[in-house]
Amino acid sequence: MTSATPAQEIHSLRERLNTWNYQYYVLDDPQVPDAEYDRCLRRLEEIEGAHPDLVTPDSPTQRVGAEPLPAFLPVRHALPMLSLENAFDASELEAFDARVRERLAAGDEDIQYACEPKLDGVAVSLLYRAGHFERAATRGDGTTGEDITSNVRTIRSVPLTLRGAGYPAVLEVRGEIYMPREGFESLNARAREQGEKLFVNPRNAAAGSLRQLDSRVTASRPLQMCCYGVGLVEDGDLPAAHADVLSCLQDWGLRINAESAVVTGVDGCHAYFDNMAARRNRLPYDIDGIVFKVNELALQQRLGFVSRAPRWAIARKFPAQEEMTRLLAVEFQVGRTGAITPVARLEPVFVGGVTVSNATLHNADEVARLDVRIGDTVIVRRAGDVIPQVVSVIAEQRPSEAKPVVFPQACPVCGSAVERAEGEAVLRCMGGIVCAAQRKAAIRHFASRRAMDIDGLGDKLVEQLVDAGLVTGVAEIYSLTREQLIALERMGEKSADNLLAALEASKSTTLPRFIYALGIREVGESTARNLARHFGSWEALSAASESQLLSVEDVGPVVADHLRQFFDSPSSLAAVESLRAVGVDWEDEQVRVSAQPLAGQTWVVTGKLESLTREEAKARLQSLGARVAGSVSANTNCLVAGPGAGTKLTRAQELDVPIMDEQELLQLLDEHAVSA
DNA sequence: CTACCTCGAGCTCA
DNA sequence: CTCGAGGTAG
């Protein structure tokens, strides 16, 4: 043997393994037999075993998973993870291209588009600092996701160290974690042999694998990572076109999609789409569409964003998958507001990756439009994350005994009168609190997390409580006794005590939560918050006149009317009184009358802000009454410009539009006490 | 809307 | 072991 020190040998083994790994997982081009790879890996394990001090977290041996986590920690994204606009046919894609060219004043000139398949998996963000894999996070709500670092570390196509040089000191890579079909099949085959539960599709298998607290389980799952873009970049430069950014990522050791291509103009996009659509079933992974991005980053910057999506990218989805099945029955569900919704009970059918057995039929108009009868063969569609729908009826297959859908003359739950308001499509039960269905829904809403947050009071329990007649209104849930609870199904002493404790804890709440919990029609979380802020106390709110209500942000005549109806109803007020009587309490809010000093003005925000995102800045300006536009024009009243502002700043200067920096903006917001 | 993971606790049977 | 509740994802 040579005289290499253990450290030297470890180094050389890691280099070799990383290179082979790169060739295998990123380039799809294995250069050595698996046996050779395994031999080196075992040798590395052996030396590391003898010298534990030389083990580093980015060693190729560190992909076997670690001790289970107690929970996933929240991660705030430095730059929000946005979603994509969807196009469902060629014309919507053309409309997108037309908008892009118009905004860029490109005339007849064709735009270069970077195209690639949209993998059906889970979106993630990877953070590399000084070339070392530091953190992986899920998308979550776009702003805050979950830390899944230890799970992602086990995925071979995620490099633990970036290759070469020239990568930025801080590099956030965005991509999709998915399970190739082959891996999915073998995973399920193994599960079937062991008599375990099977995953229904590769996407759910990937999502489920990533949600394991024990990353050793994740390590045993055939997951892959494929990168499609970057997020935060600090101290470093990237090329000026998206496709070149992707090849850079590949050089740094990150896997990118082999089908990525750049095409010219919308015709190029159509051709790419048609080609992929034809080859879709032969791809080694599931895809649900094709993503098109304006290739030049400078153009992307000029296009900017609309609320939650970039204006320079779109996903053209494949046509929704459709299947035939039978309509077994139509049931009528009564919602919290009494709305009676017809729900189709279907012969279960596997469509678009899930088993569909229910679908809403919305209302009488929809039922009439479809002319659907019970017993009919119907076509059911499920497009991606869209709710399943009954598309049409196959009239030729209608059996003679097919029965028409008859809407109830009275509420199917309580027998009260039903009514269809003028100009409305929905049928409503007029029973209100008399109706058990509405009572159940009201209690579920009251107890829900964003309302009174009563832990342990779930659907089944509400069902039992109302059916047993133990509870008729929300206030009565606070008078339940331990004995009453223990008598219920699946309720032991421990569960009963937990629920009683949760009930007690919920009594101390906040005014916005309380208002929201009441379930007044059209009063959601944000309206409840506005009302609480505007009036400060329950007394002030309940005494408010129609015109006072109308002056609250987001409250129009319809909402004001619902509010007045609530406050004019003795039974509603009595319910509030009983809640207060059992001890439900809150602190009054600081009154923040929205003076709307910027009403009628148009503002624009550009560049990078330090202490808040552009979205937040926008929201706060809007709360002062400003309209926040995407581009600067002669009508713009003020431009808020952070560092890196481009053409918008130039244009504002040309047009003599006042310009403000972040400090001045913060000062302005502060003066008007705008916080959320 | 459906599917998945995790947890606590009740149920069941040895 | 099974159920219900609560959370996530697309």
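The chains referred to below are lettered A, B, ... by the order of the sequence lines, with proteins before strands, and numbering in each begins at 1.
In terms of modelled atom types and a separation under 3.5 Å, the side chain of A/R153 and the main chain of A/Q62 share no donor-acceptor contact. Although no hydrogens or angles enter the test, the distance criterion places no donor-acceptor pair under 3.5 Å between the side chain of A/T143 and the main chain of A/P80.
Nearest to the side chain of A/R449, among B/dA9, C/dG7, C/dA5, sits C/dG7.
In this structure, A/M452 places its CE atom 19 Å from C1' of C/dG6, rounding to the nearest Å. Rounded to whole Å, atom C1' of B/dC7 lies 16 Å from atom CG of A/D214. Atom CD of A/E463 is separated from atom P of C/dA5 by 10 Å (rounded to the nearest Å). Nucleotide B/dC1 holds its C1' atom 13 Å from the CG atom of A/N201, rounded to whole Å.
Phosphate proximity of B/dA9 to A/S495: absent, as no side-chain N or O sits under 4.0 Å from OP1 or OP2. Note on A/N498: a side-chain N or O is less than 4.0 Å away from OP1 or OP2 of B/dA9. Residue A/T138 has a polar side-chain atom (N or O) positioned under 4.0 Å from OP1 or OP2 of C/dA9. Put simply, A/T355 has a side-chain N or O that comes within less than 4.0 Å of OP1 or OP2 on B/dA3.
The shortest side-chain heavy-atom distance between A/R174 and A/V124 does not fall under the 4.5 Å cut-off.
Toward the 5' end of DNA chain B, the nearer of the two residues A/V354 and A/S209, judged by each one's closest nucleotide, is A/V354. Residue A/N358 is the one, among A/R490 and A/N358, whose nearest nucleotide of DNA chain B lies closer to the 5' end (criterion: closest heavy atom).
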